[in-house]
Structure formats: C-alpha cells, structure tokens
Amino acid sequence: PTLADTLNAFPDLIEDAGYQYRTIAPDEVDAERLQRQATRAFYLPYVQAMSTREANELTRFVEAGGLVIADLRPAVADEHGKPHARSPLDEVFGVEQSTEQAKPIRGVVTVELPVGAFRGRLGLRFSDASLRVTAGQAHATVTAPPLLHNTTAQESARAVIINRYGRGTAVLLNFSVNQYGVEARASQKTRRLLRELLSTHGISPDVKLSPSLPDTHLYRFRQGVARYVGLLRNPPGVNVPGHDHGARDIARFRPEQFEI
C-alpha cells in the first residue's frame with residue numbers, strides 16, 4: 001500500500017464512522033499538550049517514520065490513559081527514514097516488528113475474538129506477516145490464499161492486536177485501510193470495527209444521526225455557549241466511497257425526517 005492511498009482513505013473512514021479528527025504536526029506530539037486539549041484517541045495512518053521523542057510522548061500519552069491506534073508498521077524508522085534497531089512503540093503495542101524487512105501479504109481479515117460487538121470478515125487487506133505478538137492479544141487473522149503469492153503454502157498474519165499499557169490501550173490493526181471505500185460491504189464492516197474499538201474505550205460520536213445515511217458526514221463546531229452541527233452529503237449520481245452504486249445506494253435512503 002502507498003502512503004497517498006492510505007491518507008486518501010483515512011479521512012473518509014473516520015468521518016463515515018461519525019467522528020471528526022484533527023491533524024497535528026510532529027512538533028505538536030506532546031503528552032501534556034494532548035491531555036490539556038482533552039485528546040482521548042490518537043490515530044497513526046501508516047506512520048512508519050517517527051522520532052524517538054515522538055514515540056516517547058505517545059508512550060506517555062497511553063500510560064496516562066489515552067488510546068492509540070495504528071494501522072501498519074508504526075515507527076519502524078526514525079524521522080529520517082533510517083530503520084530503528086527496534087521500534088520504540090513495540091512495547092506499547094505488545095508486539096515485535098521487523099524494522100529492516102517487512103513480509104507483506106494480501107489476505108482476508110477475519111476478526112475471530114469479538115471487538116465489542118463486532119466479529120466477522122473485512123475482505124482483502126495488505127498486512128505484515130513478519131510481526132510477532134508478545135504482550136498484546138490478537139483478535140484477528142489475515143489469511144492469504146496461496147494463489148495470491150504463487151506458493152503452495154498459506155501465508156497468515158496476526159491482526160487487531162490490543163494491548164493494555166499503563167492506564168491506556170494501544171491497538172495495532174496490522175492491516176492497511178487503503179482499500180476503504182472500494183467495496184461497500186467490507187467498508188461498512190471496517191467502519192463498525194473502528195466504532196467498536198473507540199466505543200469500548202468510552203469514545204462515542206457526540207452527535208448521532210438517525211436514521212443512518214450513507215456518506216453523510218456530521219461536523220460539529222463550538223463558539224462560546226453555542227454549538228453548531230452541519231450535515232454534508234455527497235450529491236446523488238456520484239459514486240461515493242464505501243458504496244458501489246452511487247445514486248442507486250443513496251436512493252434507498254429518503255426519509256422525510258431526521259433525528260439528531
């Protein structure tokens with residue numbers, strides 16, 4: 001997977017799940033600042049390069065009760081792209097990664113141990129089979145059919161590794177989200193998994209829309225005592241992320257009244 005594909009898919013995944021996010025610069029990765037800003041969760045979209053200072057601040061953030069989620073190969077290299085001898089976040093995630101050489105596979109993600117109320121298959125995803133689980137608990141397996149790798153052996157990797165660290169939690173998906181939006185059913189399940197990961201740690205959307213509409217994003221803004229909520233939908237006729245048929249998908253949802 002490419003970083004560009006991941007960064008294009010990640011915002012849709014977060015917003016389709018009913019959340020908003022804020023992008024920060026490396027210099028802003030500071031545990032005390034994150035706590036002052038009431039940051040409860042930190043997501044690392046394919047962040048392979050990270051300085052030791054940033055990793056130490058994220059470690060402090062999790063120790064103090066925060067939640068950090070990464071998709072694939074977090075902090076395997078320093079800020080200059082040089083591989084770490086060992087990823088400074090391995091202990092936090094409860095894994096051991098090969099920083100020098102990944103073992104990429106493409107397989108079906110199956111969540112066997114429930115994450116909240118979710119279990120099931122997520123479709124084909126890229127994963128790193130070199131990862132070894134140490135203190136964390138793997139809730140899923142990525143299984144690659146032999147034909148995809150021109151071998152007779154079936155390749156597999158552990159995924160959705162959840163590790164309690166200090167007063168907080170670290171989650172390493174060990175699969176890429178770059179395919180989010182390509183296929184509707186798998187995208188819906190990926191959203192459900194993300195919601196369960198966040199809600200089981202007490203993080204739920206501040207505002208909920210009922211009934212749920214495909215590709216409707218809620219945006220919240222506070223100014224003094226006033227609170228504003230905006231709804232943004234992709235127009236009919238557009239083949240929108242996470243849905244295969246564009247207008248046909250949207251046409252199924254035409255309620256006359258919404259509850260927020």
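In what follows, every heavy atom counts, from backbone to side chain, and hydrogens, waters and symmetry copies are set aside.
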> With sequence neighbours excluded, what pairs up with Thr110 under the side-chain contact (heavy atoms from CB on, under 4.5 Å) test?
Replying inline: Val108, Glu112, Arg121
>> Please tell me whether Leu13 and Val111 are part of a single hydrophobic cluster in this structure, the criterion being side-chain heavy atoms less than 4.5 Å apart.
In response: yes
>> Walk me through whether Leu198 and Ile69 qualify under side chain to side chain contact (heavy atoms under 4.5 Å, CB included).
In response: CA-CA 9 Å; Leu198 292 168; Ile69 302 174; 4.1 Å; yes
> Which residues pass the salt bridge (charged side-chain N to carboxylate O under 4.0 Å, His left out) test with Arg119, sequence neighbours left out?
Replying inline: none
>> In the structure I gave you, are the side-chain heavy atoms of Val142 and Asn174 within less than 4.5 Å of one another anywhere?
In response: no
>> If the condition is side-chain contact (heavy atoms from CB on, under 4.5 Å), which residues does Arg22 pass it with, not counting sequence neighbours?
In response: Ile24, Glu28, Gln37, Thr39
> Once you round to the nearest 0.5 Å, how far does OG1 of Thr6 lie from CD of Gln179?
Replying inline: 9.5 Å
> Got Tyr46 and Asp5 here, is their nearest side-chain heavy-atom distance under 4.5 Å?
Replying inline: no
>> Under the side-chain hydrogen bond (donor to acceptor under 3.5 Å, both in side chains) definition, can you give me all pairs with a residue in residues 72-86, not counting sequence neighbours?
In response: Arg73-Asp128
> In chain order, what residues pass the side-chain contact (heavy atoms from CB on, under 4.5 Å) check against His139, with sequence neighbours excluded?
Replying inline: Leu113, Val115, Gln137, Val160, Ile162
> Should Ile105 and Val133 be regarded as members of a common hydrophobic cluster, given that ILVMFWY residues are connected when their side-chain heavy atoms come within less than 4.5 Å of each other, either directly or indirectly?
Replying inline: no
> Can you find a heavy atom in the side chain of Asn163 that is under 4.5 Å from one in the side chain of Thr169?
Replying inline: no
> Between Val182 and Ser187, is any pair of side-chain heavy atoms under 4.5 Å apart?
Replying inline: no
> Does Glu91 have any salt bridge (charged side-chain N to carboxylate O under 4.0 Å, His left out) partners at least two apart in sequence or in another chain, and if so, which?
Replying inline: none
>> Show the nearest heavy-atom pair for residues Ala75 and Pro88, with the distance to one decimal.
In response: O-CD, 3.5 Å
> By ring-ring contact (aromatic ring centres under 6.0 Å, His included), which residues pair with Phe10, not counting sequence neighbours?
Replying inline: Tyr21, Tyr43
>> Any non-hydrogen side-chain atom of Val109 less than 4.5 Å from a side-chain atom of Thr190?
In response: no
> Roughly how far, to the nearest 0.5 Å, is the CZ atom of Arg191 from the OH atom of Tyr180?
Replying inline: 3.5 Å
>> When you group the ILVMFWY residues by side-chain heavy-atom contacts below 4.5 Å and let the links chain together, are Phe175 and Leu194 in the same group?
In response: yes
> Honestly curious: do Phe93 and Val177 fall in one hydrophobic cluster under the side-chain, below-4.5 Å linking rule?
Replying inline: no
>> So, using side-chain contact (heavy atoms from CB on, under 4.5 Å) as the criterion, who are the partners of Val62 when residues are at least two apart?
In response: Val68, Val92, Tyr165
>> Please find the pair of heavy atoms, one from Ala129 and one from Ala157, that lie closest to each other, and give the distance.
In response: CA-CB, 3.7 Å
>> Give me each pair satisfying salt bridge (Lys or Arg N to Asp or Glu O under 4.0 Å) with a member in residues 39-59, each pair once, sequence neighbours excluded.
In response: Glu57-Arg60
> Can you check whether Ile203 reaches Leu197 side chain to side chain, under 4.5 Å on heavy atoms?
Replying inline: no
>> Under 4.5 Å between side-chain heavy atoms, counting indirect links through other Ile/Leu/Val/Met/Phe/Trp/Tyr residues: same cluster for Leu193 and Ile161 or not?
In response: no
>> Tell me if a side-chain donor or acceptor on Arg167 pairs with a main-chain N or O of Ala64 at a distance below 3.5 Å.
In response: yes
> Does the side chain of Arg125 reach to within under 4.5 Å of the side chain of Leu173, using non-hydrogen atoms?
Replying inline: no
> Quick one: CZ on Phe42 to CG on Leu58, what's the gap to the nearest 0.5 Å?
Replying inline: 5.0 Å
>> Is there a side-chain contact between Leu89 and Leu44 in this structure, where contact means two heavy atoms from C-beta onward sitting under 4.5 Å apart?
In response: yes
> When rounded to the nearest 0.5 angstrom, what distance separates OG in Ser87 from CD in Gln48?
Replying inline: 10.5 Å
> From Ser176 OG over to Leu124 CG, what is the distance, rounded to the nearest 0.5 angstrom?
Replying inline: 12.5 Å
> Is there a donor-acceptor contact under 3.5 Å from the side chain of Ser130 to the main chain of Ala102?
Replying inline: no
> Does the side-chain hydrogen bond (donor to acceptor under 3.5 Å, both in side chains) test come out yes or no for Thr141 and Arg158, once each step is laid out?
Replying inline: CA-CA 5 Å; Thr141 303; Arg158 303 301 282 154; 2.3 Å; yes
> Considering residues at least two apart in sequence or located in another chain, which fulfil the side chain to side chain donor-acceptor pair (under 3.5 Å) criterion with Asp90?
Replying inline: Gln97
> Taking only residues two or more places apart in sequence, or in another chain, which ones meet Arg132 in a salt bridge (charged side-chain N to carboxylate O under 4.0 Å, His left out)?
Replying inline: Glu96
> Which ring-ring contact (aromatic ring centres under 6.0 Å, His included) pairs, counting each pair once, include a residue from residues 53-77, with sequence neighbours left out?
Replying inline: none
